[in-house]
K.L.:
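Dumping the structure here so I can ask a few things about it.
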Amino acid sequence: MTCCLVAVGGVAGSLAQAEAAPLQVGYSDWPGWVAWQVALDKGWFKEAGVDVSFQWFDYSASLDAFASGKLDAVTATNGDVLVTGSGGHKGVIVLVGDYSNGNDMIIGAPGVTSVKDLKGKKVGVERGLVDHLLLLNALQAAGMKETDITLVDTKTNETPQVLASGDVSGIGAWQPSAGQALRQVPGSRPIYTSHDAPGLIYDVLAVDPASLKAHPEEWKKVVGVWKRVVAFIEDPKTQPEALDIMSRRVGLEPAGYKKLLKGTHLLTLEDNQKVYERNDTLASIYGSTQNADNFNVKYEVYKTPQNIDTYIDAAIIHELAK
C-alpha cells in the first residue's frame with residue numbers, strides 16, 4: 001500500500017490556486033485513488049460541469065506538493081492528513097473513498113502461523129508508518145504488548161529482503177512490498193491484515209480549506225462523481241473496463257490489478273453517511289482519525305495533538321444525500 005506518514009515543513013501564505021481553474025488534485029498509486037482515473041478517462045468531470053485536473057505523483061511527493069500550496073486537494077490516508085496539517089498546511093476530509101481491506105499485512109516467516117508466534121521474536125516494520133500501527137493492533141488482538149517483540153526499524157520497500165534474510169520472524173508491509181515478500185519467501189504467510197481491522201486506515205480526499213470556501217459547488221460536483229466511479233468499478237458488467245483503465249495507469253496487467261482491488265474496500269456516498277457518524281470506533285472517520293492522532297503523537301511523528309474536528313467536513317456528503 002502506498003500509505004505512509006511523512007513529516008512536512010510549515011507553509012506560509014494562502015493557497016496559490018484558491019482562485020484558479022481548474023482545480024488541482026494530486027493522486028497516486030493506491031487502488032482507491034487510481035479509481036479516479038475511471039472518471040478522468042470516461043469524461044465524467046466534464047459531464048458534471050467541473051473543471052478539475054488530476055496530477056500524478058509518488059505518494060510522499062503529492063503530500064509535499066499539497067503542503068507547499070501547489071495543489072487544491074490531495075488523496076491521502078486520514079493519518080497523513082494530520083501529519084500535513086501539523087506541519088502548517090491543513091486539509092479537510094470531504095470524502096472517504098475506501099479503507100484498506102487486506103493490502104496492508106503483518107507477514108510471518110516460514111513456521112510463524114499466528115501473531116502469538118512472534119512473541120520474543122524480531123519484527124521488521126517502518127517505525128511511525130501505518131503498518132507499525134497495524135502491528136500494534138495485531139499484538140493487541142492477540143493479547144500481547146509491543147514489548148513482547150523486538151521491533152526492527154525497516155524501510156517498507158526493504159521488508160521483502162529483510163524477511164528473506166532470516167534476520168526477522170515477521171514484517172509489516174503494504175502492497176506491492178507485501179506481495180513481493182510472499183513471493184520471495186516460500187512458506188511465509190499473512191498472519192494479520194487490514195481486513196482484520198476495517199477502518200484502521202481510511203483513504204480520503206482532503207481539500208485545502210481556502211479552495212473549499214472559494215469553490216464549494218465545484219467540490220460538491222467532484223465528490224458527486226465518486227458515486228459513478230464506485231458503481232462502474234463494482235458492476236460486473238463494467239468492471240473489466242474499469243480494471244483496464246486502472247491497470248494501465250500503474251503499468252500492471254488487469255488480472256494482477258484485480259487482486260489489489262480486492263484488498264481495498266471502496267465506499268459509496270451512502271457508506272460515507274455512516275462513516276461520518278461521530279463515535280470513537282474505527283467505523284467512524286472521527287474515531288479512526290483520533291486513533292491515528294494518538295499514534296502519531298506517541299511515536300513523535302509530531303508533538304502536538306491535533307483538533308480532529310477541524311480536519312473533517314461532512315457538509316458535502318450530507319448535501320448529496322438530500
Side-chain angles (χ1 to χ4, degrees), residues 1-7 28-31 33-34 57-64 77 79-80 83 100-139 142 144 146-197 200-201 203 247 250-253 255-257 259-264 295 299-301:
M1 179 184 176
T2 51
C3 297
C4 62
L5 300 179
V6 181
S28 52
D29 190 0
W30 170 254
W33 303 331
V34 178
F57 287 88
D58 286 335
Y59 180 54
S60 39
S62 73
L63 296 179
D64 291 341
T77 68
D80 285 350
V83 177
S100 179
N101 192 38
N103 280 342
D104 291 79
M105 304 178 186
I106 305 303
I107 296 174
V112 175
T113 61
S114 71
V115 174
K116 289 184 178 180
D117 289 342
L118 294 175
K119 190 169 186 177
K121 307 290 180 59
K122 295 179 180 180
V123 180
V125 69
E126 195 160 357
R127 184 182 294 272
L129 271 63
V130 290
D131 282 343
H132 184 186
L133 176 59
L134 183 68
L135 175 61
L136 297 182
N137 254 58
L139 293 172
M144 297 167 63
E146 189 171 11
T147 53
D148 289 330
I149 64 167
T150 298
L151 194 152
V152 179
D153 195 5
T154 307
K155 293 291 185 183
T156 301
N157 63 346
E158 297 175 0
T159 50
Q161 293 81 8
V162 171
L163 186 67
S165 73
D167 291 340
V168 299
S169 296
I171 60 168
W174 57 77
Q175 294 284 18
S177 295
Q180 292 170 3
L182 292 170
R183 290 191 297 271
Q184 289 183 23
V185 184
S188 63
R189 70 188 72 189
I191 55 176
Y192 190 88
T193 78
S194 50
H195 177 76
D196 300 303
L200 182 69
I201 306 167
D203 302 298
S247 62
V250 300
L252 289 178
E253 292 297 321
Y257 203 81
K259 295 178 181 179
L260 297 182
L261 189 61
K262 287 181 178 179
T264 309
F295 172 83
Y299 289 94
E300 299 182 340
V301 178

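Note that the numbering runs from 1 along the sequence shown for the chain. Keep in mind that the numbers below use all heavy atoms, side chains included, and drop hydrogens, waters and symmetry copies.
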K.L.:
Quick one: list whatever passes side chain to side chain donor-acceptor pair (under 3.5 Å) with Asp148, sequence neighbours left out.
P.N.:
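Once residues adjacent in sequence are excluded, Asp148 has no partner under the side chain to side chain donor-acceptor pair (under 3.5 Å) criterion.
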K.L.:
Drop me the distance from Ser188's OG to Met105's CE, to the nearest 0.5 angstrom.
P.N.:
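Going from the OG atom of Ser188 to the CE atom of Met105 covers 10.0 Å.
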K.L.:
Are Leu182 and Pro190 packed together at the side-chain level, in the sense that at least one heavy-atom pair is separated by less than 4.5 angstrom?
P.N.:
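Sidechains of Pro190 and Leu182: in contact.
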K.L.:
Would you indicate whether Glu253, at its atom CD, is surrounded by more than 12 heavy atoms from other residues, nucleotides or ligands within a distance under 6.0 Å?
P.N.:
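Not more than 12 within 6.0 Å, no.
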K.L.:
Indicate yes or no for a side-chain donor-acceptor contact from Glu126 to the backbone of Thr156 under 3.5 Å, with no hydrogens or angles considered.
P.N.:
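The answer is yes, because a donor-acceptor pair under 3.5 Å joins these two groups.
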K.L.:
State, yes or no, whether a side-chain contact exists between Val123 and Val168 at a heavy-atom distance under 4.5 Å.
P.N.:
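No; the side chains remain at least 4.5 Å from each other.
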K.L.:
Could you tell me whether the side chain of Glu146 reaches within less than 4.5 Å of the side chain of Leu151, counting heavy atoms only?
P.N.:
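In contact.
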K.L.:
What closest approach, in Å, do Pro110 and Val185 show between heavy atoms, and which atom pair accounts for it?
P.N.:
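Smallest interatomic distance, heavy atoms only, reads CD-CG1, 3.7 Å.
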K.L.:
Nearest heavy-atom pair of Tyr257 and Ser247: which atoms, and what distance?
P.N.:
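Taking every non-hydrogen atom into account, CB-CB, 3.9 Å.
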K.L.:
Can you find a pair of side-chain heavy atoms, one from Leu163 and one from Gln184, that are under 4.5 Å apart?
P.N.:
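With C-beta onward as the side chain, the pair stays apart.
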K.L.:
Taking it one step at a time, do Ile191 and Val112 satisfy side chain to side chain contact (heavy atoms under 4.5 Å, CB included)?
P.N.:
CA-CA 8 Å; Ile191 55 176; Val112 175; 4.1 Å; yes
K.L.:
Any heavy-atom pair between the side chains of Ser114 and Tyr192 that's under 4.5 Å?
P.N.:
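A side-chain contact under 4.5 Å is absent here.
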K.L.:
Closer than 3.5 angstrom, by distance alone: can the side chain of Asp153 be matched with the main-chain N or O of Arg127 as a donor-acceptor pair?
P.N.:
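Side chain of Asp153 to backbone of Arg127: a pair is present.
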K.L.:
Of Leu135, Ile201, Leu200, Asp196, which meets side-chain contact (heavy atoms from CB on, under 4.5 Å) against Asp104?
P.N.:
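When side-chain contact (heavy atoms from CB on, under 4.5 Å) is applied between Asp104 and each of Leu135, Ile201, Leu200, Asp196, only Ile201 qualifies.
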K.L.:
Would you call the rings of Trp33 and Tyr59 parallel, tilted or perpendicular, where under 30° means parallel and over 60° means perpendicular?
P.N.:
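It falls in the parallel class, under 30°.
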K.L.:
Working to the nearest 0.5 Å, report the span between OG of Ser177 and CD1 of Ile171.
P.N.:
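Ser177 atom OG to Ile171 atom CD1 measures 8.0 Å (nearest 0.5 Å).
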K.L.:
Distance check, rounded to the nearest 0.5 Å: His132 atom NE2 versus Ile106 atom CD1?
P.N.:
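One finds 9.5 Å between NE2 of His132 and CD1 of Ile106.
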K.L.:
Please name the pair of heavy atoms, one in Ala173 and one in Ala178, separated by the smallest distance, quoted to 0.1 Å.
P.N.:
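Smallest heavy-atom distance, with atoms named: O-CB, 3.8 Å.
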K.L.:
Going from NZ on Lys155 to CG on Leu129, what distance comes out if it is rounded to the nearest 0.5 angstrom?
P.N.:
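Going from the NZ atom of Lys155 to the CG atom of Leu129 covers 8.0 Å.
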K.L.:
Go through the steps to decide whether Asp29 and Val34 satisfy the test side chain to side chain contact (heavy atoms under 4.5 Å, CB included), and finish with yes or no.
P.N.:
CA-CA 6 Å; Asp29 190 0; Val34 178; 4.1 Å; yes
K.L.:
Return the CG to OG1 distance between Leu118 and Thr150, rounded to the nearest 0.5 Å.
P.N.:
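OG1 of Thr150 is found 11.0 Å from CG of Leu118.
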K.L.:
Do you know which two heavy atoms are closest between Ser100 and Ser194, and how far apart they sit?
P.N.:
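That would be OG-OG, 2.6 Å.
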K.L.:
A side-chain contact here means heavy atoms from C-beta on lying under 4.5 Å apart; do Asp117 and Ser169 qualify?
P.N.:
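Result no, sub-4.5 Å side-chain heavy-atom pair not found.
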K.L.:
Going by heavy atoms in the side chains, are Lys122 and Ile149 under 4.5 Å from each other?
P.N.:
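Answer no - side chains too far apart.
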K.L.:
What residues form a side chain to side chain donor-acceptor pair (under 3.5 Å) with Thr264, not counting sequence neighbours?
P.N.:
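Thr264 satisfies side chain to side chain donor-acceptor pair (under 3.5 Å) with Asn103 once adjacent residues are dropped.
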K.L.:
Under 6.0 Å from the CG atom of Asn157, do we count more than 12 heavy atoms belonging to anything else shown?
P.N.:
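Yes - once you tally the heavy atoms of other residues, nucleotides and ligands closer than 6.0 Å, there are more than 12.
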K.L.:
If every non-hydrogen atom of Phe295 is compared with every non-hydrogen atom of Gly128, which pair is closest and at what distance?
P.N.:
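For Phe295 versus Gly128, the nearest heavy atoms are CE2-O, 3.5 Å.
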K.L.:
Does the pair Leu260 and Leu252 meet the rule for a side chain to side chain contact (heavy atoms under 4.5 Å, CB included), with working shown?
P.N.:
CA-CA 11 Å; Leu260 297 182; Leu252 289 178; 3.8 Å; yes
